[in-house]
Amino acid sequence: MPQMNLVQAVNSALRTEMRNDEDVIVLGEDVGKVGGVFRVTQGLFDEFGDDRVIDTPLAEGGIIGTAIGMALYGLRPVPEIQFSDFIFPAFDQIVSEAAKFRYRSGGEYTVPMVIRTPVGGGIRGGHYHSQSPESLFIHTAGLKVVCPSNPYDAKGLLLSAIRDDDPVLFFEPKRVYRAVKMDVPEDEYTIPIGKAKVVREGEDVTVVGWGAMLFEALASADEVAEEGVSAEVIDLRTLWPVDIDTIVESVKKTGRLVIVHEAPKACGFGAELLSLVTEKAFVHLEAPPVRVTGWDTPFPYTLEMEYLPLQHRITPALLETAKYIP
Amino acid sequence: MPQMNLVQAVNSALRTEMRNDEDVIVLGEDVGKVGGVFRVTQGLFDEFGDDRVIDTPLAEGGIIGTAIGMALYGLRPVPEIQFSDFIFPAFDQIVSEAAKFRYRSGGEYTVPMVIRTPVGGGIRGGHYHSQSPESLFIHTAGLKVVCPSNPYDAKGLLLSAIRDDDPVLFFEPKRVYRAVKMDVPEDEYTIPIGKAKVVREGEDVTVVGWGAMLFEALASADEVAEEGVSAEVIDLRTLWPVDIDTIVESVKKTGRLVIVHEAPKACGFGAELLSLVTEKAFVHLEAPPVRVTGWDTPFPYTLEMEYLPLQHRITPALLETAKYIP
Amino acid sequence: MQTEQVVPIRTPESSFDDEVVTVIGPDGKVRPEADPKLPVEQVLDLYKAMVRTRIIDTQLERLQRQGRIGFHIGSLGEEACIIGSAAAMRPQDWIFPCYREFGALLWRGFPLQSYVDNMFGNAEDVVMGRQMPDHYSGKKYNFGSVSSPIGTQMTQAVGFGWAAKKKGTDTVVSVYFGEGATSSNDFHTGMNFAGVMDAPVIFLCRNNRWAISVPSEKQTASKTFADKGVAYGVPAVRVDGNDFLATYAVVRECVEKSAKGEGPFLVEMLTYRVGGHSTSDDPRAYRASDEVDSWRQTDPLVRGRKHLDTLDAWSDAEDEAFRKDTEAELKACIAAAEEKPKPALSTMFEGVYDETPWHLKEQQEQCENGPRAKEHH
Amino acid sequence: MQTEQVVPIRTPESSFDDEVVTVIGPDGKVRPEADPKLPVEQVLDLYKAMVRTRIIDTQLERLQRQGRIGFHIGSLGEEACIIGSAAAMRPQDWIFPCYREFGALLWRGFPLQSYVDNMFGNAEDVVMGRQMPDHYSGKKYNFGSVSSPIGTQMTQAVGFGWAAKKKGTDTVVSVYFGEGATSSNDFHTGMNFAGVMDAPVIFLCRNNRWAISVPSEKQTASKTFADKGVAYGVPAVRVDGNDFLATYAVVRECVEKSAKGEGPFLVEMLTYRVGGHSTSDDPRAYRASDEVDSWRQTDPLVRGRKHLDTLDAWSDAEDEAFRKDTEAELKACIAAAEEKPKPALSTMFEGVYDETPWHLKEQQEQCENGPRAKEHH
Ligand SMILES: Cc1ncc(C[n+]2csc(CCOP(=O)(O)OP(=O)(O)O)c2C)c(N)n1
Ligand SMILES: Cc1ncc(C[n+]2csc(CCOP(=O)(O)OP(=O)(O)O)c2C)c(N)n1
Ligand SMILES: [Mg+2]
Ligand SMILES: [Mg+2]
């Protein structure tokens, strides 16, 4: 089985589905000849031509708006937003239109579309090449939100997302793009949307993470193991609709919860997770659930490693939570 | 003292500050001659002329972008977005620009600007004239978010907001616009941003609300009083930065918390409030905190009264929470 | 430092400001050069559709004032450009509406009863009472979905038209919007993408002179709205939008060209919003009544009627009878719509996604098992 | 149904496609009609600023390859249009940058050391290391703040210029952007608002033919970028952007007119991005090297040098010496910048708001009292 990094796995998913289904169209800024600024769409232009791999003008609202139109017609567009920081010019089309089309038209129109976009920090991108805006889309009814942490999941989830009949935000953790290689089948396979994965079992505390921070959570789990704390690590994979059962089941076992995400804390997805768990497993909570997140500041440049909720911040949170005495 | 409704109180605040400070500029769609579609800016065009009360072209991004430019120059623009549902074409200017200007320029540039916009449902507005997008802005570091529930607070808070040196989102609950009249001084006065108000004291359960839902919370507090449950009602007034001390103090007393808001539940501001209280007062919580919110659907038209978290839904939540046995 | 030298800074010239296509003269006679030469029955159908639109507008406004419906947004004075342009589209073509084109929807065969059900947001409303009145959806009739945010339909129409072309069809898409909407983000990206992608899309700008209270002169400093095509390499044309035959002819020509791959096009249709912006608006607060009066002179129905007279195709008695029938038909639809129940509670939770996820099922259960809200107060 | 009649649908004509203002001919001699007739010392200053910009670009690119800075976005080949246009602004005027105009920033007097500190994001960086390199802010120099999102500076410049005018000043604002940015929402709203508000703003479009890998032909179907002015009633002009005197002359004329209330203007500056988009980009993946080579022929520095020769104002020795001095100055700045510490941890939490609210104080405390991160890996 070939080894792929996340860039290659996403590329493989796109190529696979473009071969399967000629209605799949890739469009965005620089996705064509050059294959995207992260080279995720490399080679697709050569294989599928400029009718199916479209370099668009520089307008995210246009990319998403025309992609919605294509989807209304019955195609399955996979628009790319070059950085998720640049999704905001398309915000109206996403939240007012794509998200509401099925509902508002009484089911007549649907928008099967996957918005692919790199997310997160740790690549010296500063304010505008590092943000994690997932909670804005989770708040918007009608959207699904996916964020794989590794190449295998990325391919399987992207194939599911493209086949899904609802609009999906597909966030690709850019810090992981070339950092991890693993076995990824050339052939097609899917990973269901809406299913989290327990990537490490443990007894004392549950850690929920996704994307690039998953690796930090795992590293912390290793670290605290040396101090005798057994952490259960859950990779959400799909952020919304969230697999609440897997989380609640784990918290019922451990009684303790730490949530990790890069986005700012205030109204981040961590707040929703914390609230859901509190609502559903209040009596099982033996310690206050904790959020380890980006700070409530714009994403900084020089100090980005102090901004991110990395291992050095997760580990103490795990220890404190695990050792909390009610 | 004159009696004013919320429309008149906001109008009075604008007029007061425009007389005080010639740098205050009002701009937006239909704010001029006709005085806004809700008539909030009525009469300002006649008093201050078309240099200070500007009917703009139909482009929210242009309204906010030019207002930012005015603010960078040193003016104090008060742009109006006709409905908060139509703020999304301006989303990029608000979250990428206004919110980050001070920080990203090392304090060289500031954006003293108040974005006024009607918010919320209950006026037969359906999908696009009813939404409550506050949590999107709370998630964005650098913005302040205010939502008064009554005319007196509206005037005092708007005067503070205009004098504030940071960008403020000022949400006006449109269901309250003409529904409530009360004494409002002609003269100027301010209500500080960042201070909540305990509008009804109680012992058994804390209810946090704002805007139009505050009245529903109060009605429920009356209703449950008949069943012997004493609810403390907090009107947040400023959503962000939130007055956490007032809430935590109340929860320490009651041990129980119900949060009410119109916006959808998932990643709504209720999740942040619930999380903050859980983090800060875990040991004081005698029942799982509860959110009574809009459902996670687009805002409907015919069934809007079933969508909103009105008295009929708040009352049972208060009773259950107050009577919950751990 | 001196700069007396001549630098050729161009104050842009309009290619359009004195050329407006008209077919029907003030006397009702046609200018043969531009006449689409439609068979008489078709002319009559167009005229009747305009009259029907007017009657519906009048009645719905009344219903709203009586509090029986919550809202209506009409097309008083704009019937010719709406019906003329809709009729110019071929059966296989698609129409992406703004919010003022129920006349086009009905022209397409959408049942009047369904339209009235939408006005009441009842259980048989095609959009299940989820949106405000006049926010319908007509997929079976090759007709889009109305939403309130200004402009968004334009880029969507471009993607749709592009897709249809790539699929090898000769489908053309028309998209309506007001002149105010030319200021929106989506006009810009829609036109630009259409130009670059060679999409078979006809941008139909209803220049009715007003965007709620903002007159068109305050909307842009360009000489005409048609001139905006230049910025995108999109051919443009101005037409008398109160002349149903002129509108038909111009749009039809664009359709035929677009179908051959020569689109997109921008059509500025000159008309006037005689009524308020919607039932929520009272235009007396911001515009002079003599302006409105002078536009009433150009009433497209009066002009249409004059034209029919030149054809000897329609009598006063026929006109009277048609109006009566239409009113009766509408009255029956209203009575039926008013009787129908509200949409079921479950419709609030279903259809957000293809399959309803756990959290919505949970919320639905909470809602259905909880107490009911009081009615609107 | 027949439609053989002629409907005047206009394929837009360009007012601009064969008129480009040039001053310096291939031989270095000026065409006197458009020559701004600057004093020799000023011509020399402009030339030196271009050379300095080139030297800085070359060095910073090297630094980035060595991993000593994280990023640089340069102006190789575009020096003439940047320096020429910046120099045309009067001291009281303001410049709103895109991201490629550090040459304009330095022209305004921003200290080289501060610029280099910004490249390192160190404790003395004017923006406190909060943004990527080349995202500076220069308020003291009447210079805006760089952000990455394309286009946003345009509407801001309009509001700023409008405010300055309302305050009774004759301040003019220029705003830079690439031809790719003409597709952005803010180009549209910025130009439209400028037209309607009569704002004293000069829109400076650096048409360098590429938006990362997308060539200008794929950006729009309009004949030229100057033609886009028509859509907004904004006068426009095209200038040879590799000719610093032509750019100066054109922009200066716009400034003088704008100061008299005759703005806004759109200036399309024809140039070429000789380097990659930024240090993150390798253009060999998407464009032919002979295209680049042919543009190297039009190098604005070579052309400038030829012009100096016609003035007999500058010797090879002087050129050499100037280059050496500049390199040495830059080297010293780099050495100093590299020595400076990172910004303090507290700078991450301060300055989000005027007064730091409780939640940020709490987070700052958590951060400062918690363990430190490892360095970048
Ligand atoms: C994004 C957005 N902003 C504001 C509004 C409120 N609004 C509804 S219609 C309208 C005016 C539209 O004018 P125009 O485009 O000329 O169309 P007309 O109503 O004249 O047909 C405005 C401002 C909206 N619906 N969407
Ligand atoms: C809203 C937004 N979308 C995408 C990007 C990524 N991006 C940065 S520069 C650029 C191309 C800009 O081209 P152009 O406007 O011609 O300017 P140039 O770089 O040629 O000077 C793109 C797509 C961005 N910064 N902002
Ligand atoms: Mg209009
Ligand atoms: Mg460019």
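Each chain gets a letter, A, B and so on, in the order the sequences are listed, and its residues count up from 1.
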For [X], I'd like to know if atom [atom1] has over 12 heavy atoms of other residues, nucleotides or ligands within 6.0 Å.
| X | atom1 | value |
| --- | --- | --- |
| D/Glu365 | CD | no |
| D/Lys167 | NZ | yes |
| D/Glu355 | CD | no |

Evaluation steps, side chain to side chain contact (heavy atoms under 4.5 Å, CB included), between D/His359 and B/Val242: CA-CA 9 Å; D/His359 68 289; B/Val242 67; over 6 Å; no
Any donor and acceptor pair, going by atom type alone, linking the side chain of [X] with main-chain N or O of [Y] inside 3.5 Å?
| X | Y | result |
| --- | --- | --- |
| B/Asp165 | D/Asp354 | no |
| B/Tyr103 | D/Val352 | no |
| B/Glu108 | D/Lys139 | yes |

B/Glu97 versus D/Ser147, side-chain donor and acceptor atoms under 3.5 Å: yes
Can you tell me if B/Gln93 and D/Asn185 form a side-chain donor-acceptor pair at under 3.5 Å? no
Rounded to the nearest 0.5 Å, how far apart are [atom1] of [X] and [atom2] of [Y]?
| X | Y | atom1 | atom2 | answer |
| --- | --- | --- | --- | --- |
| B/Asp245 | D/Trp358 | CG | CH2 | 8.0 Å |
| D/Trp162 | B/Met70 | CH2 | CE | 4.5 Å |
| D/Gln153 | B/Ile68 | CD | CD1 | 12.0 Å |
| B/Arg104 | D/Met128 | CZ | CE | 14.5 Å |
| D/Phe193 | B/Leu27 | CZ | CG | 7.5 Å |

Is chain B contacted by the side chain of [X], its backbone, both, or neither, given a heavy-atom distance below 4.5 Å?
| X | answer |
| --- | --- |
| D/Ser184 | neither |
| D/Val126 | both |
| D/Phe96 | side chain |
| D/Met197 | side chain |
| D/Ala164 | both |
| D/Thr347 | backbone |
| D/Val173 | neither |

Evaluate the criterion side chain to side chain contact (heavy atoms under 4.5 Å, CB included) for residue pair B/Tyr73 and D/Thr169; output intermediate values, then yes/no. CA-CA 12 Å; B/Tyr73 188 82; D/Thr169 74; 3.6 Å; yes
Which atoms of [X] come close to chain D, meaning under 4.5 Å heavy atom to heavy atom: side chain ones, backbone ones, both, or neither?
| X | result |
| --- | --- |
| B/Leu75 | side chain |
| B/Ala67 | neither |
| B/Ser96 | side chain |
| B/Leu143 | backbone |
| B/Ile54 | side chain |

With a 4.5 Å cut-off on heavy-atom pairs, point out which of B/Pro89, B/Gly74, B/Pro241, B/Gly142 contacts chain D the most. B/Gly142
Under a 4.5 Å heavy-atom cutoff, which of B/Ala59, B/Gly61, B/Pro167, B/Pro77 has the most pairs with chain D? B/Ala59
Applying side chain to side chain contact (heavy atoms under 4.5 Å, CB included) to B/Glu60 and D/Thr189, what does each step give before you reach the verdict? CA-CA 9 Å; B/Glu60 288 74 13; D/Thr189 44; over 6 Å; no
Nearest atoms (heavy-atom pairs only) where B/Asp92 meets D/Pro149: OD2-CB, 4.2 Å
On a heavy-atom basis, the closest approach of D/Ser145 and B/Tyr109 is CB-CD1, 4.0 Å
Do you know which of D/Val158, D/Asn192, D/Val196, D/Thr155 has the most heavy-atom pairs under 4.5 Å to chain B? D/Thr155
One option among D/His135, D/Glu350, D/Met348 has the most heavy-atom pairs under 4.5 Å with chain B, and it is D/Met348
Charged N to carboxylate O below 4.0 Å: is that the case for D/Lys166 and B/Glu22? no
Could you walk me through whether B/Lys100 and D/Gln131 pass the side chain to side chain contact (heavy atoms under 4.5 Å, CB included) check? CA-CA 11 Å; B/Lys100 297 178 172 56; D/Gln131 288 213 75; over 6 Å; no
